[in-house]
Trainee: 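Handing you this structure, nothing more for now.
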Amino acid sequence: MATETGEITIVCNHCDRDIPSPNIDLHRVHCARNLEKCKICGDMVPKKHAEEHFLNTHAPVPCSMCKETIDREVFNSHTEEICPKRMVTCEFCEFPLPALDLAEHQEVCGNRTELCYQCNSYVRLRETFNHSTKCPGSVLNNIVESSRRVPRAAEGDGNGRRRRDGNGVSNKRLFFTIAITGIAVLIGSLFFQRKPEGS
C-alpha cells in the first residue's frame with residue numbers, strides 16, 4: 001500500500017496499523033513486545049497498563065446507591081434512570097425520595113386535597129389538571145357553559161322565593177351560625193374568667 005507521499009506501507013499484523021516498509025521489522029518487534037490489543041474495545045494498550053485500562057474502562061462498577069455491580073457502559077444510565085435507590089421528586093409535593101418508594105408515596109400524596117378557589121370545592125392533587133379544565137368556576141368552562149346556564153335573576157323555585165346557593169346553605173343560615181358561635185365564645189369567656197384572689 002502507498003501513502004499520499006508515495007511511501008510504501010505494510011499493515012502490522014499485531015496492531016493493524018499502516019507502517020512505512022523500511023520500519024516494519026523494528027515496529028513488529030516493538031509492537032509484539034510492548035503492546036497488547038484489548039479484547040473488549042480493540043485498542044492497542046501498553047502491556048504494563050493493560051490491567052489498568054481494563055479496570056478504568058471496562059470493569060463492572062459497584063453502584064454506590066444500590067450496591068449492585070453494573071457494566072461501565074451502562075453505569076450512567078443506571079444511576080440516572082434505572083437504579084431503584086436513585087433520588088427522584090414527588091410530582092405533587094416535590095419531596096426528594098428514593099425511586100423505590102415513589103409509587104407508594106405518590107399514592108398517598110396524590111390523594112391529599114386542596115381547595116379550588118374558583119368553585120370552592122376540595123380537589124385531589126392527582127385530579128387537579130382534569131379539574132382545572134372542567135371546573136365550574138374556571139374562565140374556560142364559564143365561556144363554554146354560559147350559553148347553557150339560566151341567568152341568576154331567573155333562578156328561583158317558581159314561587160318567587162330565591163333558591164339557595166350551590167353549597168345548599170343560605171346566607172341567612174350562615175350568618176346565624178356565625179352569630180351564635182360568637183355569642184357562645186363571649187359567654188364562655190365571661191363565665192370561666194377567674195377573679196384574682198384577695199379582692
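Everything numeric here is computed off the predicted structure, so don't read it as measured data.
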Trainee: Linking Ile, Leu, Val, Met, Phe, Trp and Tyr by side-chain heavy atoms under 4.5 Å, what else ends up with Leu115?
Mentor: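 Other cluster members: Tyr117, Tyr122.
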Trainee: State which residues pass ring pair (Phe, Tyr, Trp, His ring centres under 6.0 Å) with His58; sequence neighbours excluded, sorted by chain then number.
Mentor: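 Ring pair (Phe, Tyr, Trp, His ring centres under 6.0 Å) check on His58 returns His53.
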Trainee: My understanding is that a hydrophobic cluster links ILVMFWY residues whose side chain heavy atoms are under 4.5 Å apart, including indirect links. Using that, what else belongs to the cluster containing Leu102?
Mentor: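 In the cluster with Leu102 are Val88, Phe95, Leu97.
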Trainee: Looking at every heavy atom in both Leu125 and Cys109, which two are closest together, and how far apart are they?
Mentor: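 Shortest heavy-atom separation between Leu125 and Cys109 comes out as CD1-O, 3.5 Å.
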Trainee: Residues in salt bridge (Lys or Arg N to Asp or Glu O under 4.0 Å) with Glu127, at least two apart?
Mentor: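 Residues passing salt bridge (Lys or Arg N to Asp or Glu O under 4.0 Å) with Glu127: Arg124.
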Trainee: Check which hydrophobic residues are tied to Phe75 through side-chain heavy-atom contacts below 4.5 Å, counting indirect links as well, and list them.
Mentor: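 Val61, Ile70, Val74, all in the cluster of Phe75.
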Trainee: Can a donor-acceptor pair be found, under 3.5 Å and without considering hydrogens, that links the side chain of Gln106 to the backbone of Glu91?
Mentor: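 Yes; at least one donor-acceptor contact below 3.5 Å.
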Trainee: Indicate the atoms forming the closest heavy-atom contact of Arg126 with Asn111, along with that distance.
Mentor: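 Minimum heavy-atom separation between Arg126 and Asn111: NE-OD1, 3.4 Å.
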Trainee: Suppose we screen for salt bridge (Lys or Arg N to Asp or Glu O under 4.0 Å). Which residues come up paired with Lys85, at least two apart in sequence or across chains?
Mentor: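 Listed in chain order: nothing, the list is empty.
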Trainee: Under the salt bridge (Lys or Arg N to Asp or Glu O under 4.0 Å) rule, what pairs show up with a residue in residues 42-66, not counting sequence neighbours?
Mentor: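 Those involving residues 42-66 do not exist here.
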Trainee: So with a 6.0 Å cut-off around CZ of Arg112, is the heavy-atom count from everything else above 12?
Mentor: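 More than 12 heavy atoms, drawn from other residues, nucleotides or ligands, come within 6.0 Å of this atom.
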Trainee: Can you tell me which residue pairs pass the side chain to side chain donor-acceptor pair (under 3.5 Å) test with a partner in residues 63-84, sequence neighbours excluded?
Mentor: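 Matches after skipping sequence neighbours: none remain.
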Trainee: Using the side-chain contact (heavy atoms from CB on, under 4.5 Å) rule, pick out the option among His105, Met87, Arg86 that qualifies with Pro98.
Mentor: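 Single side-chain contact (heavy atoms from CB on, under 4.5 Å) partner of Pro98 among His105, Met87, Arg86: Met87.
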Trainee: Specify the closest pair of heavy atoms between Cys38 and Val45, including all atoms of both residues, with the distance to one decimal.
Mentor: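 That would be CB-CG2, 4.5 Å.
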Trainee: Which heavy-atom pair separates Ala99 from Cys83 by the least distance, and what is that distance?
Mentor: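 Minimum heavy-atom contact is CB-O, 4.1 Å.
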Trainee: Going by side-chain heavy atoms closer than 4.5 Å, which hydrophobic residues are tied to Leu55, directly or by a chain of links?
Mentor: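 Other cluster members: Ile40, Phe54.
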Trainee: Rounded to the nearest 0.5 Å, how far does SG of Cys31 lie from CE of Met44?
Mentor: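 SG of Cys31 is found 4.5 Å from CE of Met44.
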Trainee: In chain order, what residues pass the side chain to side chain contact (heavy atoms under 4.5 Å, CB included) check against Pro20, with sequence neighbours excluded?
Mentor: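 With sequence neighbours excluded, Pro20 shows a side chain to side chain contact (heavy atoms under 4.5 Å, CB included) to Glu7, Pro22, Asn23, given in chain and number order.
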Trainee: Please check if the number of heavy atoms outside Ile180 that lie under 6.0 Å from its CD1 is greater than 12.
Mentor: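 Yes, enclosed.
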Trainee: When rounded to the nearest 0.5 angstrom, what distance separates CG in Asp18 from CD1 in Ile24?
Mentor: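 Answer rounded to 0.5 Å: 9.0 Å.
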Trainee: Answer yes or no: is there a side-chain heavy-atom contact under 4.5 Å between Ser121 and His131?
Mentor: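 Contact flag for Ser121/His131 side chains = yes.
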Trainee: What side chain to side chain donor-acceptor pair (under 3.5 Å) pairs are there with at least one residue in residues 26-41, not counting sequence neighbours?
Mentor: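 Found Asp16-Lys37, His30-Asn34.
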Trainee: Glu94: which residues meet the side chain to side chain contact (heavy atoms under 4.5 Å, CB included) condition with it, sequence neighbours left out?
Mentor: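 Residues passing side chain to side chain contact (heavy atoms under 4.5 Å, CB included) with Glu94: none at all.
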